Structure formats: C-alpha cells, structure tokens
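Not measured: the values here are computed from a predicted model. Residue numbers run from 1 in the order of the sequence given. In each ligand, atom 1 is the first atom listed, and ligand 1 is the first ligand listed.
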Amino acid sequence: MPNVDVIIFGGGIAGLWTMHEASRRGYRCLLLEAFVLGSGQTVASQGIIHGGLKYTLQGMMTGSARRIREMPSIWRKSLAGEQLPDLSQTEIRSNNCYLWRTESLSSRLGMFGAKMGLQVVPKNLTPDEVPDLLSGCPGSIGQMDEQVISPYSLIQNLADAFPDQIFQYDPKSLKFIHDPSGKLTAVQIQAPDGTPTTIQTAAVLLTAGSGNETLLKLAHPDSTVQQQNRMQKRPLHMALVRGTLPPFNGHCVDGAKTRVTITSDIDCQGRTVWQIGGQVAETGVTMNRRELIEHAVRELSASIP
Ligand SMILES: Cc1cc2nc3c(=O)[nH]c(=O)nc-3n(C[C@H](O)[C@H](O)[C@H](O)COP(=O)(O)OP(=O)(O)OC[C@H]3O[C@@H](n4cnc5c(N)ncnc54)[C@H](O)[C@@H]3O)c2cc1C
C-alpha cells in the first residue's frame with residue numbers, strides 16, 4: 001500500500017465527508033472501516049438536514065449552533081450537484097419538514113423561539129396547505145427548509161467516489177506505530193491474506209463514532225491524552241410505527257424541546273414506516289422495548305390530535 005497524508009478511521013458521514021473535503025484539497029487519503037460503512041449512527045439516523053431547531057429552542061446560540069443554521073443551504077447545493085461533494089445520487093425523501101405545536105403554553109413559547117432563532121424562518125402554511133394529519137393541531141403550522149435524505153444512499157454516494165481508497169480491516173489486527181519522539185507515523189493492519197501491512201501516514205483522523213474511544217486508547221495508551229480527548233456519547237432509541245401511514249416528516253415543538261420528530265421511510269414490503277425521534281428517542285434510551293413503544297404511542301397521541 002502507498003504512503004498517504006491522512007488515514008481516516010471510520011466511514012460514517014464524518015469520515016466520508018472529511019475524505020471528500022481532504023481529497024479536494026489535495027491530500028492523499030485512505031479510509032479504514034472496521035465493520036460496514038455508516039453502520040454506527042449514520043445509517044440508523046432519521047436523515048434530517050438540521051437547521052439547528054433543537055439548539056434554537058434551548059437558547060444555545062453557540063458557535064456550532066450558528067454553523068448548523070447554515071447546513072440546510074450547504075446540503076441543498078450538494079444534493080443538487082451544484083457544489084462538492086456532489087450528492088446528486090443521494091435519495092431525497094422530502095424537501096422540507098413540518099413544524100407544529102401542542103396546546104400548552106410552553107409549546108407556544110417554543111414555537112415563538114423557533115421562529116426567532118432559525119436562519120430561515122419557517123413558512124406559515126395557509127389552511128389549504130396544512131396536511132390532513134395536522135388539521136386538528138392548534139396555532140399556525142410551519143414548514144421548514146430542512147431536507148430529509150436516505151442515509152443509506154448518502155453513504156453509497158459518498159463512498160462511490162473512492163473505490164480504491166476505502167478498505168475494510170480487522171480491528172483486532174491494528175497497531176499504531178510511533179517514532180522515537182512519540183509521534184504517530186504509521187499504521188499496521190493485516191492484509192486479506194494475513195500478512196501485516198504497514199502504511200506510513202502524516203496524520204490519523206478518528207471518525208469512528210463510538211469506536212473512537214478504543215482507537216484513542218490504542219493510539220495513545222497514555223491516560224492523560226485520553227482524558228483530554230473525552231468523547232461525547234449520545235445514544236438514541238427511536239420507535240418505529242408501521243401501518244397505513246401517509247409519508248410525513250416534521251417536528252412537534254413543546255417548550256424547549258422537539259417532543260416528537262417524525263420521519264418516513266419505506267420498508268422492504270413497500271409500506272411506509274414512521275421513525276419516531278426527538279425527545280422520544282432521547283428518553284427511550286432509559287426504557288426497554290415495551291416501555292418505549294407505549295411511551296411513543298402516548299406521545300404521538302398527544303402530539304397529533
Ligand atoms: C436514531 C438516530 C437518529 C438520528 N437522526 C439524525 C438526523 O435526522 N439528522 C442528523 O443530522 N443527525 C441525526 N443523528 C445523529 C447522526 O446520525 C450522527 O451524528 C452521525 O451519523 C455521526 O456520524 P459519524 O460518522 O460520526 O459516526 P457513525 O455513523 O457512528 O460512523 C462511525 C463509523 O466508524 C466505524 N467504526 C467503528 N469502530 C471502528 C474502528 N475501530 N475502526 C474503523 N472504523 C470503525 C463504524 O462501523 C461506522 O462506519 C441521529 C442519530 C441517531 C442514533
């Protein structure tokens with residue numbers, strides 16, 4: 001294998017997007033994936049190109065929250081093939097998301113905050129434009145400039161550009177090699193025939209999601225480095241609804257939270273499936289399967305009269 005400028009560990013959205021960006025700037029990149037591309041969070045996600053609604057609701061206008069506000073327009077151009085990375089082969093499930101609220105006061109305040117903080121103010125729908133599903137909801141119904149994509153097709157689209165630079169490897173075979181000063185200079189993995197292969201690299205980038213912790217320990221057994229690089233873990237458990245459902249994508253705002261976020265996909269039998277995220281998925285982490293389903297049913301009944 002050739003020597004490279006950057007070895008990227010992990011082929012979810014972070015690793016693949018970075019690979020495109022780094023390659024465009026002339027860096028020779030290699031991506032090493034331990035399992036299946038995107039198999040951590042990316043393929044399991046709802047696929048919404050967020051404009052920062054959640055941070056807006058929580059009044060968190062931090063630097064990163066401000067940058068998220070720009071994401072819908074950046075992605076829209078890539079998805080249209082008008083800027084790199086070219087994502088024109090990615091399936092767009094919806095071009096926008098609905099925004100509505102429940103009857104509570106906190107819900108009204110949340111909706112007001114959302115309209116004030118977002119880069120592109122949600123469009124208020126006329127009664128004719130409101131989907132049947134939300135016809136019984138209080139207040140005005142908004143439509144936001146957030147596209148919903150198929151994460152699986154996104155991963156395919158991004159990976160297709162690098163057929164010879166993405167490799168699956170056995171993480172058990174991995175060794176990081178340092179020079180006498182302690183600088184990481186190479187990576188050793190096992191080739192498919194079992195022989196160890198060493199790749200010299202100027203930089204290593206960890207974009208392996210929940211796999212980063214193990215990789216960091218292996219790269220820097222020194223515990224101080226690990227403490228300085230604590231990773232944020234944010235598990236989510238969505239509920240899925242299957243039945244005779246209209247395709248639908250949107251957020252129900254309640255106070256400083258998105259009480260439910262619904263996205264739609266099609267299952268292998270061609271049926272619409274709703275993915276129930278938002279606060280339901282955050283709370284769902286502490287619940288078993290049955291509790292989560294019951295909770296999701298209650299939250300859906302409260303959100304959609
Ligand atoms: C239920 C759910 C819904 C979500 N909905 C949305 C949404 O609608 N919009 C949004 O913007 N975000 C959403 N998110 C968050 C979003 O999915 C994540 O922020 C994003 O996918 C993280 O991407 P990543 O590339 O950092 O990690 P991951 O997607 O987890 O990718 C990590 C990759 O590294 C690989 N890997 C693991 N260990 C190793 C190793 N040792 N060596 C090499 N490779 C390794 C994994 O196999 C995987 O391919 C959602 C998340 C969840 C869980």
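- In this structure a side-chain-to-backbone donor-acceptor pair under 3.5 Å is missing from Ser264 to Pro247.
- Between the side chains of Thr18 and Glu21, no donor-acceptor pair of N or O atoms lies under 3.5 Å.
- At a heavy-atom cutoff of 4.0 Å, ligand 1 is surrounded by Gly10, Gly11, Gly12, Ile13, Ala14, Leu32, Glu33, Ala34, Phe35, Val36, Leu37, Gly38, Ser39, Gly40, Gln41, Thr42, Ala44, Ser45, Gln46, Gly47, Ile48, His50, Tyr169, Thr207, Ala208, Gly209, Gly211, Leu215, Leu236, Met238.
- Residues Ile304 and Val260 form no side-chain contact, since every pair of their non-hydrogen atoms from C-beta on lies 4.5 Å or further apart.
- Aromatic pair His20/Phe162: centroids less than 6.0 angstrom apart.
- Below 30°, between 30° and 60°, or above 60°: for Tyr169 and Phe9 the angle between ring planes is above 60°, a perpendicular geometry.
- The aromatic rings of His50 and His251 are tilted relative to each other, their planes meeting at an angle between 30° and 60°.
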